[in-house]
Amino acid sequence: MCGIAGIIDPDSQARTTILDQVLSLISHRGEPECQKEIANFKELPLAMGTNRLAITSQRSQPQPIHSPSGKFSLVFNGEVFNYGIIADELCVRCTDDSPPSDTSVLAYALDRWGVLETTERLDWEGAYICADHEDNSVFLCRDHLGIKPLYYSESGERVVFGSEIKSLAGCTNESIAQVPPGSIVKFDTNSDGSFSASQTKAWWSIDTFREQWRKKPESEICVADHCFELLRNAVHSRVPKGKCALLLSGGVDSTLVATLAREVSSNLTAYVLHRPGSPDLPFARELCRKFDLSLVEVPAFTKEEISTRVTETVRILEAWEWHVVNHAVPMLPLVERIRSDGHKIVLSGEGADELFCGYENSVDETEVADILAMRITRLAGLHRTNCQRLDRMFMAATIESRVPFLDRKLVEFATGLGPEWLFRDGANKWIIRRFVERLVGPHFAWRKKLSLAKGVGYRYDRSGVFSEPTSAKIIPEIWSRANRFPIENQFIFEFLAAGYGGAEFLASRSN
């Protein structure tokens, strides 16, 4: 994963200066040896670059990468998990001196298929900026659910792109837009260095699946086996060759990810966050004993310690909503320990509750359509809630988070599962619980769902893990009308104080 950035501007010197500034603001997204890898193009009014976290590639393979024909140049953030399959299809050969990275294979694919078809073929969590030197166009591309971020800001003769809001807020006073999940934003440039207004094209949309759930059950064995194999493949493909951290609560989602990851790697370390009386800790210990997994038990903050880290967390997180911040601040000691142990990659069970309706404990026949519609709405909002939380909190420590439950093939199949696969025997996420029962046993499979904070051992008052704000914060109406809880006034105040007010698309609350 990387921090990527770019700028369209007729002034070549301005491009270099501003791009340097943008990348400086997201230096945490790359390793110290791979900072500010920049190309400033002569034939296009474009510069782009990266702060790179080398995972599938060597540190000696800098970006931007150019396609073999020279038609395309690109910078990439994230991972392409099927890049080996694409390399075989395109006959991209490995050499001992320079094995192909996922980004270099992506460059080959762009030559063969172009931007749209290439993006549709990727099994990935990522975003990339691509220059077409023949058509004088620049493309901003984002994965299906917006698991990895990409933003841009248009101003007069200039448009700036970057991986985080803070990278743009620090160099522009203009409004900041997001590249929508599953979309490609295109800018055409002109001979005088100007650019035409952005054009947005969706290459994938979760709304396509809003009404497509299966209303009549198919063969249980066939459906369950196919779903399980999709999940198994999603986990296996995200386990790196080197060491890997696992977020483990002992709940059904993280238990399933840990168990499947253990099938392909013994170089795994599980991390559990806990306080005295934590419901998660005994389950995490038992699972790790059962599968001979190393377990690191990370003491959580006290509520007093949490109150001192709110401003820092909101600035890292680029979010103000209670349910996002509430689960982000407690993550800090977990993130810090995983970083101190030298990990680059962490696997998470995030997304399972949204995909398999884990927030509802039961379902009435009259509620089915509404619950399944809400599933789509929640998935559509993950790019600004749980996915954003994982990305920002871990990338602040230069760690890449991966989310197998949000694999595109799995999402497309699972959104076709009707209520009989989700609610049965008095339990939610029924099909996932059956997988856990098969692999680990009923003790884990039928455990009641707990939020991250409750599983750690926090006891909620009206403000979650926080104390009520001591004084009211004065914030603009465009922001204040969206909040639901008194504590959110404080979070919005911190959000705006960080300079993020240009991201007005965040001024309405998520579902």
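Along the sequence shown, residues carry numbers from 1. No experiment lies behind these values; they were computed from the predicted model shown.
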>> Ring-plane angle category for Trp204 and Phe209, please: parallel below 30°, perpendicular beyond 60°, tilted otherwise.
In response: tilted
> Is the shortest side-chain N to carboxylate O distance from Arg232 to Glu229 below 4.0 Å?
Replying inline: yes
>> Between Ser510 and Glu321, does the side chain to side chain donor-acceptor pair (under 3.5 Å) criterion hold? Intermediate values first, please.
In response: CA-CA 8 Å; Ser510 63; Glu321 292 187 81; 3.0 Å; yes
> When the ring centroid of His226 is compared with that of Phe413, is the distance short of 6.0 Å?
Replying inline: yes
>> Any carboxylate oxygen within less than 4.0 angstrom of a Lys/Arg side-chain nitrogen, looking at Asp391 and Arg29?
In response: yes
> When rounded to the nearest 0.5 angstrom, what distance separates CE in Met395 from CD in Glu400?
Replying inline: 7.5 Å
> Which value, rounded to the nearest 0.5 Å, describes the distance between Leu506 atom CG and Gln388 atom CD?
Replying inline: 6.5 Å
>> Could you walk me through whether Ser348 and Ser401 satisfy the side chain to side chain donor-acceptor pair (under 3.5 Å) test, starting with their C-alpha distance in whole Å, then the side-chain angles of each, then the deciding distance to 0.1 Å, before giving a yes or no?
In response: CA-CA 7 Å; Ser348 168; Ser401 57; over 6 Å; no
>> Whether the side chain of Ser24 engages the backbone of Asp20 through a donor-acceptor N/O pair (distance < 3.5 Å, no angle test) should be reported.
In response: yes
>> Quick check on side chain to side chain contact (heavy atoms under 4.5 Å, CB included): which of Thr172, Asn51, Ile26, Val160 does Ser167 satisfy it with?
In response: Ile26
> Hey, does Glu354 have a side-chain heavy atom less than 4.5 Å from the side chain of Phe405?
Replying inline: no
> Would a 4.5 Å heavy-atom cut-off, applied to side chains only, mark Val252 and Phe435 as touching?
Replying inline: no
> Can a salt bridge be assigned to the pair Glu125 and Arg238 using a cut-off of 4.0 Å between side-chain N and carboxylate O?
Replying inline: yes
>> Between Gln13 and Thr17, is the side chain to side chain donor-acceptor pair (under 3.5 Å) condition met? List the steps.
In response: CA-CA 6 Å; Gln13 182 57 49; Thr17 301; 3.3 Å; yes
> CZ/Phe356 to SG/Cys227 distance, rounded to the nearest 0.5 angstrom?
Replying inline: 4.0 Å
>> Heavy-atom count check: over 12 atoms from other residues, nucleotides or ligands less than 6.0 Å from Lys201 NZ?
In response: no
> Charged N to carboxylate O under 4.0 angstrom, Asp188 versus Lys186?
Replying inline: yes
>> Other residues, nucleotides and ligands only: do more than 12 of their heavy atoms fall within 6.0 Å of CG on Leu116?
In response: yes
> What distance do Phe81 atom CZ and Asp407 atom CG have between them, rounded to the nearest 0.5 Å?
Replying inline: 8.5 Å
>> With a 4.5 Å cut-off on side-chain heavy atoms, are Met48 and Ile38 touching?
In response: no
> Which word best sums up how the rings of Trp124 and Trp203 line up, parallel for under 30°, tilted for 30 to 60°, or perpendicular for over 60°?
Replying inline: tilted
>> Could you check whether Arg52 pairs with Glu33 (Lys NZ or Arg NE/NH1/NH2 to Asp/Glu carboxylate O, under 4.0 Å)?
In response: no
>> Show, in sequence, the C-alpha distance, side-chain angles and deciding distance for Ser163 and Tyr151, and conclude whether the side chain to side chain donor-acceptor pair (under 3.5 Å) test is met.
In response: CA-CA 6 Å; Ser163 289; Tyr151 305 93; over 6 Å; no
>> Assess whether a salt bridge exists between Arg408 and Asp143, defined as any Lys/Arg side-chain N lying under 4.0 Å from an Asp/Glu carboxylate O.
In response: no
> Quick one: OG1 on Thr259 to CG on Leu248, what's the gap to the nearest 0.5 Å?
Replying inline: 8.5 Å
> Which is it for Val298 and Ile338 under the side chain to side chain contact (heavy atoms under 4.5 Å, CB included) test, yes or no, and what are the steps along the way?
Replying inline: CA-CA 9 Å; Val298 181; Ile338 292 172; over 6 Å; no
>> Could you tell me if the side chain of Phe139 sits less than 4.5 Å from the side chain of Asp132, heavy atoms only?
In response: yes
>> Taking the ring of Tyr152 and the ring of Phe187, is the distance between their centroids below 6.0 Å?
In response: yes
>> I'd like to know if the side chain of Thr50 pairs up with that of Gln63 as donor and acceptor (distance under 3.5 Å, no hydrogens or angles considered).
In response: no
>> Do the side chains of Glu79 and Lys148 get close enough for a salt bridge, i.e. N-O under 4.0 angstrom?
In response: no
>> Using side-chain heavy atoms (C-beta onward) and a distance below 4.5 Å, is Ile345 in contact with Arg402?
In response: yes
> Just checking, is any N or O donor in the side chain of Thr103 or Tyr83 under 3.5 Å from an acceptor N or O on the other one?
Replying inline: no
> So among Asp9, Asp11, Asn40, which one has a side-chain hydrogen bond (donor to acceptor under 3.5 Å, both in side chains) with Thr16?
Replying inline: Asn40
>> To the closest 0.5 Å, what do you measure between CD (Gln35) and SG (Cys2)?
In response: 10.0 Å
> Are the side chains of Trp113 and Ile86 in touch, meaning some heavy atoms are under 4.5 Å apart?
Replying inline: yes
>> Taking the side chain as everything from C-beta on, heavy atoms only, tell me whether Pro68 gets closer than 4.5 Å to Tyr108.
In response: yes
> Ion pair present between Asp123 and Lys409, side-chain N to carboxylate O less than 4.0 angstrom?
Replying inline: no
> With sequence neighbours excluded, what pairs up with Ala261 under the side chain to side chain contact (heavy atoms under 4.5 Å, CB included) test?
Replying inline: Val235, Val239, Leu246, Leu268, Leu347
> For the residue pair Tyr271 and His343, is the inter-centroid distance of their aromatic rings smaller than 6.0 Å?
Replying inline: yes
